[in-house]
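Notes follow the structure.
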Amino acid sequence: MVHHGHSHRHYGESMLSVEEALERILSFFHVLDTEEKPLLDALGQVLAEDAESRYDIPPLDNSAMDGYAVQAADLKGASKETPVELRVVGYVAAGHLPTDTVTPGTAVRIMTGAPVPDGADAVVPFEDTDEVERRAGSGEITEIGIHFEVAKGADIRPAGQDVRAGALVLAKGSTLRPAEVGVLASLGYDKAKVVRRPVVAILATGDELLEPGEDYGPGKIFNSNSFSVAAGVLRYGGVPKLLGIARDNLDSMNAKLQEGLAADMLITSAGVSKGDYDMVKDVLSQHGKIDFWSVRMRPAKPLAFGVLDAPAGRKVPHLGLPGNPVSAMVAFEQFGRAAIHKMMGKTVLAKPTIEAVLDEPIHNNDGRRVYARAIITRQNGTYHVKLTGDQGSNLLTSMARANGLAICPEDVPKMDAGELVQVQMLDWPEDVF
Ligand code: AMP
Ligand code: MG
C-alpha cells in the first residue's frame with residue numbers, strides 16, 4: 001500500500017495508454033527543413049517537391065523487339081508455307097534516328113528501343129521471319145520473308161506510354177525507394193530535394209556503465225542502450241550522435257545535456273524509474289520541461305518526455321527511455337521511431353503489424369499492453385508465433401532471438417494458443433518466407 005501511494009504521488013497522474021503517450025510526444029515534432037542532394041544519397045528520404053517530367057518517356061514510338069519494321073497491311077495471308085517477301089531498305093539501332101522510310105513492300109531492320117521509321121505501323125520479331133535461314137545462305141540480307149500476319153501497332157511502344165511530358169510523376173511526400181530513385185533518374189534528375197534526416201543525440205546515464213572497449217570492472221556493465229538505440233535511429237533514417245555516458249550526478253548530467261542541444265531530438269536512457277528520477281528531474285527542470293509518465297505497456301512502463309531550451313529559442317524534444325535494455329528498445333520502437341519518421345516527413349507513423357497464430361499463451365496479469373518478444377515462423381503459408389521464453393526486461397539476448405513483438409491488448413488477461421495475435425515485425429528475415 002505504501003508503495004502504491006508513493007508511485008501515485010510521483011507519477012502524478014493515471015497511466016497513459018500507448019496511443020495517448022504517442023500523441024503527446026508527436027505533438028512536439030515537426031517536419032524538418034529540406035536539402036538537395038545527389039539522387040543515391042537521398043534513398044529512404046521523403047521528396048520535398050513534386051517531380052514532373054520535362055519529356056515523354058519513351059521519347060518516340062519505338063520497337064519492343066529486335067525485328068523488322070513493316071506495314072501491317074503488307075502481311076495479309078502471310079504464313080510459314082506462304083511467307084510474304086519484303087525488300088529490306090535500311091537498319092536502325094537504339095539511340096539513332098531512322099534515315100529510311102517504310103513504303104508498301106519494304107521493311108527496315110530494327111533493334112529493341114530504336115525509333116520506328118516513318119511509314120511503319122508494326123514490328124515483326126526476328127523469330128517470325130526467315131532471317132536465320134537467309135543468314136546461313138548468302139549472309140547479306142536484302143529481302144526478308146515474314147511468316148505471320150500482324151496487327152497494326154504490334155510490338156510498337158508508343159511515345160509517352162510510361163510518362164507524359166508535363167505530368168506529375170512522383171508527388172511531394174513520396175518516400176524514395178529504389179524504384180523512385182530509378183524513376184527520378186529516368187526523368188533526367190541527378191539530384192533530389194528531400195526532407196533532411198534528423199540528428200538524434202543519444203545519452204546513457206548511470207554510474208555502473210562502461211563504454212564497450214573499456215576494461216571490464218567489478219560491478220560494472222557495458223553501455224548497450226546507446227548502441228541498440230543508435231542502431232535503431234540509423235535503421236529508421238536518422239543520424240545518431242553518441243554523447244557517451246552521464247554519471248548519476250548533477251554536474252555530469254548538466255555537461256552532457258549541453259552537447260545534446262544542437263540535435264533535433266535527445267534520447268536518454270535510464271533514470272526514469274522510481275528509484276532515481278529525482279536527480280534527473282532536478283537537472284532537466286533547469287533546462288526546460290520534463291514529465292514522468294507511466295505508460296500502460298509491458299515492458300517500458302516508466303517513460304520521461306520533455307523539451308529542452310536550446311540557444312536561439314530552439315526547443316529540443318527529449319525522450320527519456322527506461323534503463324532496462326529491452327524496455328529501452330521496445331519504447332524506442334513505439335515512440336522514437338514514430339518521432340523520427342514524423343521529422344522525416346513520413347505520414348504513416350504506425351508500425352505495421354501482421355496477424356499470426358499463437359503457438360503458446362501470452363499472460364497479462366496487470367492490465368498493460370504486452371509487447372512479447374516473439375519468434376515468427378511461416379508454416380504452410382501461415383505465420384506462427386512462439387515466445388522467446390523468460391520475458392524479463394533485462395534480457396537483451398531475448399531481443400536478439402526475437403524477430404517480432406506479439407501484442408496482447410491491455411484488457412485481455414490471457415491469450416491462448418491457437419488464437420490470432422497482432423505482431424509488429426522487427427525484421428523480415430529471409431528464413432520466415
Ligand atoms: P535505471 O533506470 O537507472 O534504474 O536502470 C535500470 C536498469 O537498466 C539497471 O539494471 C541498469 O544497470 C540498466 N541500464 C541502465 N542504463 C543502461 C545502459 N546504457 N546499457 C545497459 N543497461 C543499462
Ligand atoms: Mg541508474
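All ligand and atom numbering here is 1-based and tracks the order in the structure.
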### Message
Taking salt bridge (charged side-chain N to carboxylate O under 4.0 Å, His left out) as the criterion, tell me which of Arg298, Lys301, Arg368, Arg369 meets it with Glu410.
### Response
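Only one of Arg298, Lys301, Arg368, Arg369 forms a salt bridge (charged side-chain N to carboxylate O under 4.0 Å, His left out) with Glu410, namely Arg369.
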
### Query
Just wondering, more than 12 heavy atoms not from Arg235 lying within 6.0 Å of its CZ?
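Counting neighbours around CZ of Arg235, 12 or fewer heavy atoms of other residues, nucleotides or ligands fall under 6.0 Å, so no.
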
### Query
Is the count of non-hydrogen atoms from other residues, nucleotides or ligands lying under 6.0 Å from Lys351 atom NZ greater than 12?
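Enclosed: over 12 neighbouring heavy atoms sit under 6.0 Å from NZ of Lys351.
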
### Task
Test the Arg54-Tyr189 pair against the cation-pi criterion, namely NZ or CZ under 6.0 angstrom from the six-membered ring centroid and within 45° of the ring axis.
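Checked: cation-pi criterion met.
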
### Query
If you draw the axis of the six-membered ring of Tyr91, does the NZ or CZ of Arg109 fall within 45° of it and under 6.0 Å from the ring centre?
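No, Arg109 and Tyr91 do not form such a contact.
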
### Summary
Per the under 4.0 Å non-hydrogen criterion, ligand 1 touches Ala204, Thr205, Glu208, Leu209, Ile221, Phe222, Asn223, Ser224, Asn225, Ser269, Ala270, Gly271, Ser273, Asp276, Gly323, Asn324, Pro325

### Message
For a 4.5 angstrom cut-off between non-hydrogen side-chain atoms, does Asp264 reach Val200?
### Response
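No - every pair of side-chain heavy atoms lies 4.5 Å or more apart.
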
